[in-house]
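Worksheet: one structure, shown below.
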Amino acid sequence: MGRFDGRTVVVSGAAGGIGRACARQLAADGAQVALLDIAKDRAEETAELISAGGGRCAAYGADVTASTAVEAALDQAEQDLGPVTMAVGAAGVIRNAPFLELAEADWDRTLAVNLRGMFVLLQSTARRAVRHGGGSMVAVASVAGRGGRATCADYRPAMPA
């Protein structure tokens with residue numbers, strides 16, 4: 001019997017990295033996992049890994065910055081996997097550019113995905129969890145926030161001297 005048997009969890013950023021690792025572990029612990037990522041083909045690769053291990057999951061292409069896309073993916077996930085009551089927000093982007101060279105559009109995209117996307121996913125899932133009797137939300141953050149680096153101004157700012 002798994003720790004998350006009977007639970008449906010949505011994981012953003014499920015195409016790779018921490019999102020993929022979280023999705024695989026949740027599935028190993030019995031959860032049905034809705035894999036969200038803007039790169040649906042890569043989320044499908046995660047689905048293949050989970051399915052090969054005997055887990056139940058489905059991949060959905062969604063831009064976490066768009067609440068309508070997230071809601072549509074969650075609607076489909078609930079049809080495919082059952083009531084969504086848990087979320088792991090792991091979607092994130094980074095542009096490797098020094099502060100003085102970072103374009104405003106890149107800054108805006110990083111904030112949209114890393115902050116707004118987290119808000120959209122967790123709020124959308126929390127509303128569903130409340131309707132289904134409660135749930136859990138996890139927001140993944142990077143340890144990079146503990147210090148700056150000159151070439152990642154949008155992700156972990158360091159001002160030039």
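As the structure is a prediction and not an experimental result, all values here were calculated from the model. Basis for what follows: all heavy atoms, side chains included, without hydrogens, waters or symmetry-related copies.
Under the 4.5 Å side-chain criterion, counting only non-hydrogen atoms from C-beta, Arg7 is not in contact with Leu26. Annotation: side chain of Val88 is in contact with side chain of Val140 (closest heavy-atom distance under 4.5 Å).
The two residues Thr85 and Gly134 have their closest heavy-atom pair at CB-O, 3.6 Å. Annotation for Gly19 and Ala90: closest pair CA-CB, 3.7 Å, computed over non-hydrogen atoms. When all heavy atoms of Gly89 and Ser12 are compared, the pair lying nearest together is CA-OG, 3.3 Å. When every heavy atom of Lys40 is checked against every heavy atom of Ala59, the shortest pair comes out as CE-O, 3.6 Å. Taking both residues in full, the closest heavy atoms of Gly6 and Gln32 are given as C-NE2, 3.8 Å, listed atom of the first, atom of the second, then distance. Here the closest non-hydrogen pair linking Ala87 and Leu122 is CB-CD2, 3.9 Å.
Glu71 is linked by a salt bridge (Lys or Arg N to Asp or Glu O under 4.0 Å) to Arg128, counting only residues two or more places apart in sequence or in another chain.
How far CG of Asn114 is from CD1 of Ile94: 8.5 Å, rounded to the nearest 0.5 Å. Rounding to the nearest 0.5 angstrom, the gap separating the OG atom in Ser67 from the CZ atom in Arg116 is 6.0 Å. Residue Glu78 holds its CD atom at 4.0 Å from NE2 of His132, rounded to the nearest 0.5 Å. Between atom CG of residue Leu36 and atom CG of residue Asp63 there is a gap of 10.0 Å, rounded to the nearest 0.5 Å. Going from atom CD1 of Ile50 over to atom SG of Cys57 covers 4.5 Å, rounded to the nearest 0.5 Å. Note: Glu44 CD to Leu49 CG = 12.5 Å, rounded to the nearest 0.5 Å.
A continuous path of Ile, Leu, Val, Met, Phe, Trp and Tyr side chains, each step under 4.5 Å between heavy atoms, connects Val138 with Leu35, placing both in one hydrophobic cluster. The hydrophobic clustering, which links ILVMFWY residues whose side-chain heavy atoms are closer than 4.5 Å, places Leu111 and Leu102 together. Two different hydrophobic clusters hold Leu74 and Met86 under the rule that ILVMFWY side chains link at heavy-atom gaps under 4.5 Å. Taking hydrophobic clusters as Ile, Leu, Val, Met, Phe, Trp and Tyr residues chained together by side-chain heavy-atom distances below 4.5 Å, Met137 shares a cluster with Phe119.
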Might you work through the side chain to side chain contact (heavy atoms under 4.5 Å, CB included) test for Ile38 and Val64, ending with a clear yes or no? CA-CA 8 Å; Ile38 197 164; Val64 293; over 6 Å; no
For side chain to side chain contact (heavy atoms under 4.5 Å, CB included), just list the numbers for Val84 and Thr125, CA-CA rounded to whole Å, side-chain angles, deciding distance to a tenth of an Å, and then say yes or no. CA-CA 7 Å; Val84 175; Thr125 306; 3.7 Å; yes
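Between Tyr60 and the options Asp75, Asp37, Asp80, a side-chain hydrogen bond (donor to acceptor under 3.5 Å, both in side chains) holds for only Asp80.
Using modelled atom types, one side-chain atom of Thr8 and one backbone atom of Leu81 make a donor-acceptor pair closer than 3.5 Å.
Summarising the local packing, CD1 of Ile18 is surrounded by 12 or fewer heavy atoms from other residues, nucleotides or ligands at distances under 6.0 Å. Applying the 6.0 Å contact sphere to CD of Glu104 captures no more than 12 heavy atoms from other residues, nucleotides or ligands.
Thr46 and Arg24 share no donor-acceptor pair across their side chains, judged by distance under 3.5 Å alone.
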